[in-house]
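Throughout, protein chains are lettered first and strands after them, A, B, ... in sequence-line order, and every chain is numbered starting at 1.
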Amino acid sequence: MGDWMTVTDPGLSSESKTISQYTSETKMSPSSLYSQQVLCSSIPLSKNVHSYFSAFCTEENIEQSISYLDQELTTFGFPSLYEESKGKETKRGLNIVAVLNCMNELLVLQRKNLLAQENVETQNLKLGSDMDHLQNCYAKLKEQLETSRREMIGLQERDRQLQCKNRNLHQLLKNEKDEVQKLQNIIASRATQYNHDMKRKEREYNKLKERLHQLVMNKKDKKIAMEVLNYVGRADGKRGSWRTGKTEARNEDEMYKILLNDYEYRQKQILMENAELKKVLQQMKKEMISLLSPQKQKPRERADDSTGTVISDIEEDAGELSRESIWDLSCETVREQLTNSIRKQWRILKSHVEKLDNQVSKVHLEGFNDEDVISRQDHEQETEKLELEIQQCKEMIKTQQQLLQQQLATACDDDTTSLLRDCYLLEEKERLKEEWSLFKEQKKNFEKERRSFTEAAIRLGLERKAFEEERASWLKQQFLNMTTFDHQNSENVKLFSAFSGSSDRDTPTLHSRSRQKKPHGVPSGSPVCTSKLTKSLPASPSTSDFCQTRSCASEHSSSINVLNITTEETKPNQVGRECTNQKWSMSSRPGSQEGCYSGCSLAYTNSHVEKDDLP
Amino acid sequence: MNFSEVFKLSSLLCKFSPDGKYLASCIQYRLVVRDANTLQILQLYTCLDQIQHLEWSADSLFILCALYKRGLVQVWSLEQPEWHCKIDEGSAGLVASCWSPDGRHILNTTEFHLRITVWSLCTKSVSYIKYPKACQQGITFTRDGRYLALAERRDCRDYVSIFVCSDWQLLRHFDTDTQDLAGIEWAPNGCVLAVWDSCLEYKVLLYSLDGRLLSAFCAYEWSLGIKSVAWSPSSQFLAIGSYDGKVRILNHVTWKMITEFGHPATVNNPKIVVYKEAEKSPPLGHLACPPPRVAAGPLTSSESKYEIASMPVSLQTLKPAADRANPRIGIGALAFSPDNYFLATRNDSVPNAVWIWDIRKLRPLAVLEQLCTVRAFQWGPQQPRLAICTGGSKVYLWSPAGCVSVQVPGEGDFQVLSLCWHPSGDSLALLSKDHFCLCFLEMEEGMRMAFGQRGDCT
């Protein structure tokens, strides 16, 4: 198109001029050309074309124009505008149809071209914008690249610096290490030097001492003497003996005797400790067995449970346990056996406790178990029943007492009654006499019974005392055992001890009974708790847990005893301390002790009086 | 608590007789023996010069007065007041004097530790022991009085000699693997001898009576080592206090360390009770009437009481001078209670505090922080009661039940510099620079009750 523009000569119509102006102004920019085209082609297109063609072709040069066009068209592949030459005539006529076809085709072509141009232009536009975008992107990326490159350089620089620093620090460390080494060497060398010098000086000093010794001691210093009025006897009353080989030997003997005694003493102590520990182990074992045995049925039911076999082992061991004498032998095998079995049982106990824990937590999750509630109700009912019984018994006793008193009253002031009853008939009198003798007999019987009762009571008291002692010792042992357990297990053991505390005399039988599952076989001071025990121990852990809580009361009473036995130090609370402090400071006033003392002693006497009142 | 009147005293020389019947005190060159209960003067002896050392014989029959300046020892008998004995060391000089456990021999150390002279009061015999070592604690008798262990130095090596006290025969003589032996001490059962090195090296050696080395213990190297050593009365434990401010406890079976007690300047353990002595200005309304005796006396000294400090407590510490010898750091004093249950220690860099440890549980039990530097502390011989003095006019007592601060009554300021218990544990002699008085702890029934109650509630 550009070519075409340049071809057009400048001096044409005003319109073309404007076009050329436009074109010259807008310098081949396709878009502007297009817009010009659009501008031009709106209305004056036909005119324009017409004027153009008119300018190209005039009246005079039609022929030439036609031939030129023909030539042009044929070169472009169009059919010739001229008619086909018939013969050798030079002059050929213009073929109108062909011209018209050509024109049409040219127009079609023109339209197509225009369309193509439009497309191309839009595409061009698009491409241009794309290009712009890409250029922007490119610029941005370039910038990014630049910054990252800079960053990288910075980082590299820092890395280098750090490395440098690190190297320096390493160097410093090394230097320090060297320094330390050096200093240590210096210290060591100085120490040796010091020791050497010291030795030298000491030698000199010793020489001087020796010399001094000679000077002082050998010049027969008359002053060195002891003036004593008369010699006193030895503290042990013996006379000093001569130094002979015998005394030396005796001294040696004595020394070895002392050493031997010491070793023997220590050995005894160790033996005692061993025995104590063994006892503890035994006790532990016993208790574990008794604690675990109620549970044995469950594992038996569940044949897959591995503990079943172990528990049967335990039973065997329990059988062995009765032969206590075995444990007195500190034979290796026995020891191993004991420790092994303890270990086994401990494992079982642990797993059991863990199981219990799990179940408890499960129960907690599920809410309260029905069984638990029932057992509590049971318990309450039972207590109610028992209370009722007690009430009835009390009433009975009361009525009996009343009756007795009435009888006694009638018996004692016999004379007055006889006087009063003088008005009775003789028969009645005789009857009364008979009754009287009967009463007397009864009274005698009663007195006899009473005597026997008091005797029995005394016996009972003695027995009870002995039993109490036994119980105390047992509890002590128990407590000692407990200290070897951790808290949770100690609770378990405590629970058991609290129950069987009163019946330790026949623990073996108890164990056998409990193994035989006879709930009535557990004798105890607190029947409620024992019934609970027998009920709940083989039952689900939730109930046994409950049982623990229930047993707290009885445990409490036993724990008092424990505290009496072992003076366990309890952690002092702040308030208590402060109060003691005040007390101390009170006593610290030296001048006011009298008042304080009197106050304290007063308190003491008061308490004494109270004590007197008690019995 | 009752106080006796104040008696004169010089150079802190005041001692109860071992049987607890008498109390001997020195005033310049005079020796006064009093009845320990009535405090009546029973005997008065006059020495030739100022008495510098006083010691009762084990049977409470004789008293030894050493006059170091003159190189003299004078011995007095309580049974026969006219009896006298004077031992003159002459030009050899005298630096130390002590009784042998039988109460019939006197061991005198001459100047420069040239020798030890053993004088017998029974016979004319005199024995000499050469080469005694000049050290912190070079002589030690077993508790039963049978044996004497003596540190010696020959040819730049340390030796220990064990003598039989009955006839002063050498039983064993062995060299110890120490650089510079600083002290020796028998275990109370008399079968083990602890030997420790000077502070330059941390080293404890344990020897059997027959001279076998049982064990050696070294906690660390390079730094300053042992400062104090104490056996527990049961011979079960050996407590070693060192310059690093720690007490290490060895057991008697393996002779290995059981535990280590640090003495941090900040107490942050809620199990420790920190008793802080606090000045109390006017007497508060605990007692209606003010104590008459204090009211009569001058009101110069204010009362003090213990307060329980809340955690964490930071104790007053002393910056040790690094450029001086014998720095004020490390465990300078430690003592077991007679029942083995407690151990009291003092860290010299925390001079105002006494630490009390529970040996049964091997943990700290209490810390007593005083207002002044702790001068001395001593356990009561019968009960676990610790008496502390700080050079002020108060005496402090600790027992597992609590703590008490007691003002010493009397005219003027009675500065308690030292104290010693009566063997029964019922009274306590408080010594100041030139006076002493007795403090009777014997309590009436009511007070004892109160004590018992306190024991229960803590």
Side-chain angles (χ1 to χ4, degrees), chain A residues 187 195 198-199 202-203 209 212-213 216-217 221 223-236 240-241 243 247-248 251-252 254-256 258-259 262 571-572 574 576-593 595-604, chain B residues 1-3 59 82-92 102-104 112 114-115 119 121-123 146 156 164 167 169 171 179 189-191 208-210 222 273 283 286-287 289 291-295 305-308 401-407 409 444-447 449-450 454 457-458:
Chain A
I187 289 172
N195 283 339
M198 278 293 285
K199 261 181 197 167
E202 208 177 314
R203 272 197 202 109
K209 251 168 114 175
L212 184 68
H213 196 256
V216 172
M217 307 302 163
D221 194 349
K223 275 179 84 183
I224 299 181
M226 180 168 78
E227 289 170 31
V228 61
L229 193 72
N230 58 299
Y231 290 107
V232 292
R234 290 169 72 95
D236 51 7
S241 51
R243 282 190 197 183
T247 55
E248 220 164 279
N251 283 335
E252 287 270 311
E254 243 167 67
M255 180 193 79
Y256 283 120
I258 286 174
L259 277 178
D262 180 52
K571 167 116 181 90
Q574 199 77 359
R577 254 189 230 140
E578 247 159 30
C579 101
T580 65
N581 202 26
Q582 279 175 355
K583 273 180 191 166
W584 273 100
S585 68
M586 193 170 84
S587 66
S588 76
R589 300 253 177 73
S592 64
Q593 296 128 10
C596 179
Y597 285 160
S598 64
C600 288
S601 60
L602 211 129
Y604 176 68
Chain B
M1 222 175 274
N2 283 318
F3 287 88
D59 51 7
E82 70 281 359
W83 187 89
H84 62 83
C85 171
K86 192 179 88 181
I87 300 167
D88 196 338
E89 285 290 341
S91 47
D102 64 354
R104 296 295 181 272
F112 307 109
L114 284 179
R115 66 182 186 194
W119 300 89
L121 297 184
C122 308
T123 59
R146 263 179 215 261
C156 308
V164 182
D167 54 4
Q169 207 158 36
L171 184 71
Q179 280 291 321
N189 66 7
C191 290
S208 165
L209 179 60
D210 54 356
W222 303 114
V273 188
H286 241 0
L287 300 159
C289 53
R293 222 160 160 188
V294 169
K305 61 166 185 174
Y306 279 112
E307 281 170 358
I308 290 169
C403 245
V404 65
S405 128
V406 186
Q407 173 81 34
E444 277 115 281
E445 205 54 35
M447 204 56 201
M449 273 280 291
R454 244 172 261 149
C457 83
T458 45

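Heavy atoms only, all atoms of each residue included: B:Arg115 and A:His213 are closest at CD-NE2, 3.7 Å.
The side chain to side chain donor-acceptor pair (under 3.5 Å) search around B:Asp210 returns B:Ser208, B:Arg212, not counting sequence neighbours. A:Lys199 pairs by the salt bridge (charged side-chain N to carboxylate O under 4.0 Å, His left out) definition with nothing, not counting sequence neighbours.
Taking B:His84, B:Glu82, B:Lys86 one by one and counting their heavy-atom pairs under 4.5 Å with chain A, the maximum is reached by B:Lys86. Options A:Ile187, A:Leu259, A:Leu212, A:Asn195 differ in how many heavy-atom pairs under 4.5 Å they form with chain B, and the most are formed by A:Leu259.
Between atom CG of residue B:Asp167 and atom CG of residue A:Asn251 there is a gap of 5.0 Å, rounded to the nearest 0.5 Å.
Only the side chain of B:Trp119 comes within contact range of chain A, judged by heavy atoms closer than 4.5 Å. Of the two parts of A:Ile258, the backbone and the side chain both hold a non-hydrogen atom closer than 4.5 Å to a non-hydrogen atom of chain B.
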